[in-house]
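Okay, structure first, notes after.
The chains referred to below are lettered A, B, ... by the order of the sequence lines, with proteins before strands, and numbering in each begins at 1.
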Amino acid sequence: MRIATWNVNSVTARLPRLLAWLESAKPDVVCLQELKCATDAFPGEQVAELGYEAAAYGTGRWNGVAILSRVGIEDVRRGLIDEPVYEDASEPRAIGATCDGVRVWSVYVPNGREPGHEHYAYKLRWLEALRGTVISESDGARPFAVLGDFNIAPTDEDVWDISLFTESTHVTDAERKALAVLREAGLSDVLPRALKYDKPYTYWDYRQLAFPKNNGMRIDLVYADAKFAGSVTDAYVDREERKGKGASDHAPVVVDLTV
DNA sequence: ATGCCTGGGTATCCCAGA
């Protein structure tokens, strides 16, 4: 089975590239983030023509997540257990589904904006709810993984220049502790290989030639339980998708499994 | 070449992204 995660930065704007990529990469399951469209506006018919069923969860302008599967999709759950709200609103940032016996979650962790900001506190509360959902759903009986844009660089090696990240989100101790808590809950970081250079970055800002300079960050992660991680045969970042006109600022992470 | 932001909506500026 091939499972991928990709922050597409608007599924509407990215649709031509998404469809072409589905045809070339041939993933069985795809976790999408930043749909920027409402559930009803998701391009389900277009992906169905390529053999994919879709479960989407979006409210429009911001956020939005989905799972595509060509091996079946069951037990869809929208939102985390005991999910926090931001400014009194629940945001579409998590969706779970079972695809051919594998339980996957597609997550778009809040950005945080800056340490001390209310959005940062929300990010940490949201990650606590993710932990609770992981504990509730990962029983070891079936392969389980959380895939998506975590908006956290796990180590200093996961950003191009850590000296530029003082007083910044994505690298703080509290955010990294939230990842450590997920590892303590039985998940492990499935580290992809890079197709070029030495670091498997997954995000490069649109500005200041970040991609040509390889000023990237590894923030799109695959956190998998033992059954899932133990069946991984390969994992890579498809940086080709960051190239050219009409690219997302994130590249897909692709994982191959024996299950 | 991979090339100096992009997407979407309250729209022709503003907010968010990381």
Quick one: label [X] by what it contacts on the DNA or RNA (base, sugar-phosphate, nothing), any heavy atom closer than 4.0 Å.
X       : value
N111(A) : base
R113(A) : sugar-phosphate
S248(A) : nothing
Y197(A) : base
N215(A) : nothing
D149(A) : sugar-phosphate
E240(A) : nothing
T169(A) : nothing

If we take the [atom1] atom in both [N] and [M], what is their distance in whole Å?
N       : M       : atom1 : result
dG3(B)  : dG8(B)  : C1'   : 25 Å
dA18(B) : dC5(B)  : C1'   : 13 Å
dG7(B)  : dT12(B) : C1'   : 15 Å
dG9(B)  : dC4(B)  : C1'   : 26 Å
dT6(B)  : dA11(B) : C1'   : 16 Å

Which is more 5' along DNA chain B, the nucleotide nearest A247(A) or the one nearest L209(A)? Just name the residue. L209(A)

Quick check on DNA chain B: between K196(A) and A13(A), whose nearest nucleotide comes earlier from the 5' end? K196(A)

D28(A)/R70(A) salt bridge by N-O under 4.0 Å criterion: yes

Is R207(A) salt-bridged to D205(A), cutoff N-O under 4.0 Å? yes

Between [X] and [Y] (side chain of the first, backbone of the second, donor and acceptor by atom type, cut-off under 3.5 Å), is there such a pair?
X       : Y       : value
R17(A)  : K245(A) : yes
D234(A) : D256(A) : no
K26(A)  : E23(A)  : yes
N7(A)   : E34(A)  : no
R142(A) : F228(A) : no

What range of DNA chain B does chain A touch, first nucleotide to last, counting atoms under 4.0 Å from its heavy atoms? dT2(B) to dA18(B)

